[in-house]
Amino acid sequence: MSLEVAVAVPFRQRGTDRLGEGEFVVALSLDREWFSPDQAKRLVDVAIGRGLLANEDGDLVATFDTDSVDVPSGYTPDTEILREQSTFEQLLDAMVDAGMAKQEAVAAANETQRTLGITLEAAAVLVATREGIDVSAAANAVRAELTDQAE
């Protein structure tokens with residue numbers, strides 16, 4: 001996952017799992033020259049939204065083992081990773097990353113949605129969970145979206 005790699009690099013570069021946001025932005029924009037400072041800040045927002053980063057006491061904390069991420073030699077992220085993904089896209093990516101065929105994952109989510117009369121996102125959470133795929137962060141987002149709609 002390209003976003004995960006881009007997020008892991010600053011932490012690995014500094015040998016820590018906790019960085020100030022400014023330090024993280026500098027690592028991506030000035031040290032690596034991968035993004036402009038504004039783009040690096042956008043990456044922070046996207047990574048927090050995807051559950052890869054948490055903001056704790058003003059610091060960014062990686063929510064995954066950054067040392068276990070394979071950073072290919074000569075890696076440069078594509079700016080496409082700055083695009084905010086919908087919850088469904090996040091769930092679909094998780095299913096594909098876990099080995100499901102994309103077409104199979106979409107079909108299963110559509111069938112579950114049709115059968116149960118629920119949102120596509122809720123259906124994707126059910127499909128992923130049935131397949132043993134941990135999508136707890138996205139499930140929490142779906143739960144929050146459903147709660148907001150119910151109010």
Side-chain angles (χ1 to χ4, degrees), residues 1-106 108-109 112 119-149:
M1 171 190 296
S2 187
L3 178 61
E4 192 172 77
V5 175
V7 169
V9 167
F11 292 100
R12 290 173 60 162
Q13 179 178 313
R14 301 282 200 274
T16 185
D17 64 351
R18 183 180 211 94
L19 292 170
E21 183 172 344
E23 190 177 8
F24 186 85
V25 168
V26 165
L28 292 173
S29 60
L30 298 177
D31 295 350
R32 294 282 175 160
E33 298 180 351
W34 284 345
F35 302 105
S36 71
D38 286 341
Q39 288 175 319
K41 289 176 185 175
R42 175 73 183 133
L43 183 117
V44 169
D45 293 339
V46 171
I48 288 172
R50 293 282 306 268
L52 297 174
L53 289 175
N55 197 330
E56 294 180 8
D57 302 323
D59 286 339
L60 296 175
V61 178
T63 60
F64 62 99
D65 181 10
T66 58
D67 290 330
S68 70
V69 175
D70 180 41
V71 181
S73 178
Y75 170 78
T76 301
D78 188 317
T79 57
E80 182 66 21
I81 66 173
L82 301 176
R83 185 179 66 85
E84 183 69 46
Q85 287 187 306
S86 71
T87 303
F88 178 72
E89 289 171 320
Q90 293 173 36
L91 289 159
L92 186 58
D93 281 353
M95 289 186 276
V96 170
D97 288 348
M100 286 185 76
K102 188 172 187 174
Q103 185 176 3
E104 174 191 353
V106 170
T112 301
T119 67
L120 183 59
E121 292 81 4
V125 168
L126 290 175
V127 170
T129 302
R130 272 196 312 251
E131 295 294 322
I133 302 166
D134 179 18
V135 291
S136 53
N140 289 335
V142 170
R143 186 177 299 112
E145 289 170 16
L146 292 172
T147 302
D148 288 346
Q149 290 173 5

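Every residue two or more places apart in sequence or in another chain that forms a side chain to side chain contact (heavy atoms under 4.5 Å, CB included) with Thr63 is listed here: Ala54. For Ala108, the side chain to side chain contact (heavy atoms under 4.5 Å, CB included) test picks out Val127, with sequence neighbours left out.
Between atom CZ of residue Phe35 and atom OG1 of residue Thr79 there is a gap of 7.5 Å, rounded to the nearest 0.5 Å. Atom-to-atom distance recorded for Glu4:CD and Asp65:CG is 9.5 Å, nearest 0.5 angstrom. Remark: Leu60 CG to Asp17 CG distance equals 11.5 Å, nearest 0.5 Å. Between Ile133 atom CD1 and Leu91 atom CG the span is 9.5 Å, to the nearest 0.5 Å. The CZ atom of Phe11 lies 9.0 Å from the CD atom of Glu23; values are rounded to the nearest 0.5 Å.
In terms of heavy-atom proximity, Val44 sits nearest to Phe24 at CG2-CD2, 3.5 Å. In terms of heavy-atom proximity, Val69 sits nearest to Val5 at CG1-CG2, 3.7 Å. Heavy atoms only, all atoms of each residue included: Leu82 and Arg42 are closest at O-NE, 3.2 Å. Across all non-hydrogen atoms, the minimal contact from Ala47 to Leu3 is CA-CD2, 4.5 Å. Of all heavy-atom pairs spanning Gly20 and Asp59, the tightest one is CA-OD1, 3.6 Å. Minimum heavy-atom separation, Ser29 to Pro37: CB-N, 3.8 Å.
Pro10 has its side chain within reach of Leu28: a pair of non-hydrogen atoms, C-beta onward, lies under 4.5 Å apart. Within the 4.5 Å cutoff, the side chain of Trp34 has no heavy atoms near those of the Leu43 side chain.
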Between Glu131 and Met95, is the side-chain contact (heavy atoms from CB on, under 4.5 Å) condition met? List the steps.
CA-CA 8 Å; Glu131 295 294 322; Met95 289 186 276; 5.9 Å; no
Does Glu56 form a side-chain contact (heavy atoms from CB on, under 4.5 Å) with Arg18? I'd like the steps, not just the answer.
CA-CA 9 Å; Glu56 294 180 8; Arg18 183 180 211 94; 3.5 Å; yes
Taking it one step at a time, do Arg14 and Asp31 satisfy side-chain contact (heavy atoms from CB on, under 4.5 Å)?
CA-CA 11 Å; Arg14 301 282 200 274; Asp31 295 350; 3.2 Å; yes
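For the residue pair Asp38 and Ser36, no side-chain donor N or O sits within less than 3.5 Å of a side-chain acceptor on the partner.
In this structure, the side chain of Tyr75 engages the main chain of Ser2 through a donor-acceptor pair within 3.5 Å. Without hydrogens or angle criteria, Arg32 side chain to Val9 main chain gives no donor-acceptor distance under 3.5 Å.
Annotation for Gln103: atom CD does not count as buried by contact number, only 12 or fewer foreign heavy atoms lying within 6.0 Å.
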